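Only a predicted model underlies this, so the values are computations on that prediction, with no experimental measurement involved.
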There are 2 protein chains.
Amino acid sequence: MADSDVQPLTDKPDRVRTITDLAKIAGVSPGTVSRALSGNSLVNTKTRKKIESIAREHGFRPNQMASKLRRQKTGVIGVAIPLGHDVRQQISDTFFMTLLGHLADELTERGFDIMLRRVIPAQDEDWLDRFIGSGLIDGVIVIGQSDQFERIEDAADGYLPMVVWGNHQEGQRHCVVGTDNRLGGKLAAEKLITAGARNLAFMGDTQALEFAARFNGAKEVSEKMDVPIRALATHLSPDRTADEIAQHLREIDGQVDGIFAATDTIAVTCLKELRDRGIAVPTQLKIVGFDDLPIAGQTVPPLTTVRQDITAGAKCLADLLLRRLNGEDTESLVMPPHVIARGSA
Amino acid sequence: MADSDVQPLTDKPDRVRTITDLAKIAGVSPGTVSRALSGNSLVNTKTRKKIESIAREHGFRPNQMASKLRRQKTGVIGVAIPLGHDVRQQISDTFFMTLLGHLADELTERGFDIMLRRVIPAQDEDWLDRFIGSGLIDGVIVIGQSDQFERIEDAADGYLPMVVWGNHQEGQRHCVVGTDNRLGGKLAAEKLITAGARNLAFMGDTQALEFAARFNGAKEVSEKMDVPIRALATHLSPDRTADEIAQHLREIDGQVDGIFAATDTIAVTCLKELRDRGIAVPTQLKIVGFDDLPIAGQTVPPLTTVRQDITAGAKCLADLLLRRLNGEDTESLVMPPHVIARGSA
DNA sequence: CATCTAAATGCAAACGTTTGCAACATTGCT
DNA sequence: AGCAATGTTGCAAACGTTTGCATTTAGATG
């Protein structure tokens with residue numbers, strides 16, 4: 001019993017966990033410590049120095065969870081990636097990942113942390129409201145509308161700080177940043193047709209909003225030009241894509257002389273497959289992709305594609321979100337795509 | 001005065017923000033509501049149903065910040081990407097992003113959220129301890145050691161739930177998952193030499209630990225085989241890489257007949273550049289890459305490369321971290337790389 | 001009907017900060 | 001010396017949950 005009463009003789013550097021511990025050591029009140037460490041308040045320079053040095057010595061860091069709870073601000077932006085129209089699509093999809101990377105760069109620069117959430121709407125109806133209402137984040141960026149347009153619209157009605165990467169539709173209520181997919185589709189079709197193609201195919205899953213718009217743009221042009229175009233459903237799950245594309249190419253063999261791929265990834269796979277089948281690009285068959293991923297410049301022949309400026313997109317997403325965090329009700333931003341003519345069409 | 005006493009006649013659906021609000025409506029205590037919503041405790045089925053229905057009706061979600069603070073568990077895994085040896089390298093680097101994608105898949109599956117933090121050690125000495133001590137995360141995965149080996153070692157001494165993707169060194173103290181880079185380097189050199197190369201070059205930044213190990217492996221083999229090998233510093237910032245590589249290729253023109261690229265990305269750029277310069281691969285010059293990114297199969301000629309199993313790596317990172325969260329002091333895991341012979345060597 | 005047990009709920013103290021307000025100390029001024 | 005004005009600090013109440021313990025209620029048993 002005596003034992004337990006004895007104070008250890010050594011300076012017990014007893015892990016300083018809380019601001020209160022530190023306050024005790026410094027001989028001040030917790031409030032003062034808090035003010036000293038957050039820097040912004042009026043604290044005597046001497047006490048501040050002292051507190052800072054003790055903090056450093058003990059490697060103390062204030063608990064952010066408590067801080068965020070108290071201040072009702074998290075400094076965290078949620079980034080949600082809904083994988084709806086194609087459950088097996090991985091978050092590892094190149095375009096999304098690249099966008100996410102740039103987004104991370106932008107948000108970090110502005111002092112925000114990022115909470116990443118990959119979500120499968122089919123398994124979790126309530127994903128967006130749950131994320132928003134969690135109290136974990138100050139705002140949310142949704143990368144890709146997938147097939148969740150309505151759900152996003154609903155959420156937007158009661159929640160300002162949300163910006164979405166995706167397609168813009170007349171009169172929609174949520175703030176979106178994205179490329180003019182329809183225009184992109186038009187450009188792609190025009191490119192193919194002026195290059196001499198007379199029978200087109202679109203490769204992509206038109207259930208996804210963005211892809212549908214691309215297809216519709218292309219269709220508009222090809223109808224005007226009296227060139228047939230067909231849509232060939234192509235998914236993005238890494239394991240399935242290649243076979244699907246091979247299958248499609250077998251079926252359209254000899255009929256189609258121009259392919260508009262919904263994505264550079266798809267286009268590249270096409271190129272590869274065509275090469276294996278001995279079909280010459282662009283002489284026998286022309287291809288236009290979409291995105292202008294880094295790979296596009298490296299293929300043989302280099303891929304003609306419709307460029308989305310991912311870096312600018314990320315910057316805009318971050319900008320708009322920050323303005324919304326300040327209460328502003330920002331407009332959507334639709335960026336014009338550009339054809340990058342390389343060798344494949 | 002009377003006014004303020006009058007209850008509004010309409011049902012005021014006064015936003016229910018806290019568990020206490022909800023408790024008032026349901027006519028029970030906050031504790032009961034908490035138990036009802038978290039499901040796991042003993043609450044009368046009838047009260048539970050009632051509470052759940054009220055919660056649904058008002059779209060109530062418990063504040064996670066408060067919950068996490070109280071329970072001293074966050075359910076969040078921090079993922080840090082240090083960009084040290086090459087400040088201008090973007091987080092958008094393909095390999096890291098792919099790994100991150102798979103990691104997100106794995107961790108989400110296990111019910112964890114992900115807090116992503118891109119860090120530039122040169123600007124923030126204290127990045128790792130700050131992240132660990134923030135109270136925001138239950139554990140941390142560091143993607144890539146960059147030039148931060150020592151700092152990671154230090155942190156590992158006092159903090160169990162950390163796993164790092166990177167290189168393994170004899171006797172190191174932090175738990176790492178990664179490929180046997182040295183062996184990978186050996187395999188690459190062997191492949192080049194058996195393919196007939198007699199003068200090798202390594203392209204990559206040997207300041208990065210992983211790359212250094214790859215180079216050293218290659219050097220070991222080439223010395224044994226009496227084949228010279230030189231290292232050509234090549235960075236990964238998207239804007240710089242291409243020019244640097246072009247420069248290197250110009251300098252070694254005619255001397256070197258085998259290139260070991262530290263990364264598929266580098267290798268692909270080499271291929272492109274060589275094609276532009278009219279140098280035939282693999283006849284005049286052989287190339288072996290590293291990683292086996294999806295692009296590797298799509299180039300012309302297809303890239304011979306040393307494969308790292310990213311998916312398995314991500315799974316292991318998640319597994320080990322979870323075991324560490326349970327207090328286990330796990331061993332590092334070094335995965336053997338495999339040569340994927342395609343057309344470039 | 002009195003007890004006893006088990007199930008369901010309420011109470012109140014945490015979790016670790018931040019911050020408005022009050023109290024105190026210091027300085028300068030009349 | 002007395003007082004005002006300023007500069008620093010302490011106090012204590014939040015932030016919104018969770019949870020051990022005490023209490024009540026309901027149900028069962030003798």
Side-chain angles (χ1 to χ4, degrees), chain A residues 14-52 54-55 58-76 113 130-138, chain B residues 14-52 54-55 58-76 113 130-138:
Chain A
D14 251 354
R15 191 102 181 73
V16 177
R17 322 202 102 291
T18 81
I19 233 173
T20 314
D21 296 347
L22 182 42
K24 232 164 263 166
I25 298 183
V28 296
S29 80
T32 305
V33 174
S34 171
R35 282 184 275 252
L37 293 179
S38 63
N40 54 3
S41 262
L42 50 193
V43 177
N44 186 309
T45 321
K46 223 164 91 188
T47 22
R48 156 166 300 135
K49 292 280 180 221
K50 181 172 163 196
I51 291 173
E52 277 171 351
I54 298 182
H58 291 261
F60 169 78
R61 347 238 149 208
N63 181 308
Q64 297 292 55
M65 220 85 211
S67 165
K68 288 166 191 304
L69 171 61
R70 169 62 226 239
R71 310 181 46 201
Q72 296 293 87
K73 283 228 174 188
T74 69
V76 179
D113 268 318
R130 271 240 317 271
F131 203 15
I132 288 173
S134 68
L136 289 175
I137 56 179
D138 290 340
Chain B
D14 253 353
R15 191 105 179 72
V16 177
R17 321 203 102 292
T18 80
I19 234 174
T20 315
D21 296 346
L22 182 42
K24 233 165 262 167
I25 298 182
V28 296
S29 80
T32 306
V33 174
S34 171
R35 281 185 273 252
L37 293 179
S38 63
N40 54 3
S41 261
L42 51 192
V43 177
N44 185 309
T45 320
K46 222 162 88 187
T47 23
R48 156 167 299 136
K49 291 279 180 224
K50 182 171 162 195
I51 291 173
E52 277 171 351
I54 298 181
H58 291 261
F60 169 77
R61 348 238 149 209
N63 181 308
Q64 299 290 45
M65 219 85 211
S67 165
K68 289 166 190 304
L69 172 61
R70 169 61 227 236
R71 310 181 45 201
Q72 296 291 87
K73 284 228 174 187
T74 70
V76 179
D113 269 317
R130 271 242 314 275
F131 203 15
I132 289 174
S134 68
L136 289 175
I137 55 179
D138 290 340

Checklist entry - Over how many whole Å does the gap from I19(A) atom CD1 to dA14(D) atom P extend? => result 19 Å

Item to check | I19(A), V43(A), N44(A) screened by side chain to side chain contact (heavy atoms under 4.5 Å, CB included) with T32(A), the one that passes | outcome: V43(A)

Checklist entry - Atom CG of L42(A) and atom C1' of dA5(D): how far apart are they, to the nearest Å? => result 15 Å

Checklist outcome for this item: Output for pair (E52(B) CD, K50(B) NZ), nearest 0.5 Å, gives 13.5 Å

Checklist entry - How long is the line joining NZ of K68(B) and P of dT17(C), in whole Å? => result 18 Å

Checklist entry - Quick one: K46(B) NZ to dA7(C) C1', roughly how many Å, whole number? => result 15 Å

Checklist outcome for this item: Of T32(A) and V28(B), the one whose closest nucleotide on DNA chain C sits nearer the 5' end is V28(B)

Item to check | Under-4.0 Å side-chain N/O to phosphate OP1/OP2 contact, Q72(A) with dT17(C) | outcome: no

Checklist entry - Distance check: side-chain N/O of S34(B) vs OP1/OP2 of dT18(D), anything under 4.0 Å? => result yes

Checklist entry - So what does S67(B) touch, heavy atoms closer than 4.0 Å: a base, only the sugar-phosphate, or nothing? => result sugar-phosphate

Checklist outcome for this item: Here the distance between atom C1' of dG10(D) and atom CG of L22(A), to the nearest Å, is 16 Å

Item to check | Residue-phosphate contact under 4.0 Å: T20(B) side-chain N/O, dG16(D) OP1/OP2 | outcome: no

Item to check | Difference in axis direction between the ends of the helix from dC1(C)-dG30(D) to dT30(C)-dA1(D), five pairs, 10° | outcome: 60°

Checklist outcome for this item: When rounded to whole Å, the NZ to P distance for the pair K50(A) and dT8(D) reads 16 Å

Checklist entry - Of M65(A) and N44(B), whose closest DNA chain C nucleotide lies nearer the 5' terminus? => result N44(B)

Checklist entry - Can you find a heavy atom in the side chain of V33(B) that is under 4.5 Å from one in the side chain of V28(B)? => result yes

Checklist entry - When you measure from the side chain of R71(B), which nucleotide among dT17(D), dT17(C), dT19(D) comes out closest? => result dT19(D)

Checklist entry - Is there a side-chain contact between K68(A) and L136(B), using heavy atoms and a 4.5 Å cut-off? => result yes

Item to check | Donor/acceptor link under 3.5 angstrom from R35(A) side chain onto base of dG10(D) | outcome: yes

Checklist entry - Between S29(A) and A23(A), what is the shortest heavy-atom contact and its length? => result C-CB, 3.7 Å

Checklist entry - For G39(A), does its backbone N or O pair with a side-chain atom of R48(A) as donor and acceptor, under 3.5 Å? => result yes

Next on the checklist: I'd like to know if R70(B) reaches the base of dT17(D) with its side chain, counting only an N/O donor and acceptor under 3.5 Å.
Outcome noted: no

Checklist entry - L37(B) has an atom CG; how far is it from atom P of dT18(D), in whole Å? => result 8 Å

Checklist entry - Which nucleotide in the set dT17(C), dA8(C), dT18(C) lies at the smallest distance from any side-chain heavy atom of T18(A)? => result dT17(C)

Item to check | L136(A) CG - dC15(D) C1' separation (whole Å) | outcome: 14 Å

Item to check | Donor-acceptor contact below 3.5 Å, side chain D138(A) vs main chain T74(A) | outcome: yes

Item to check | L37(B) vs I51(B) side-chain heavy atoms within contact, under 4.5 Å | outcome: yes

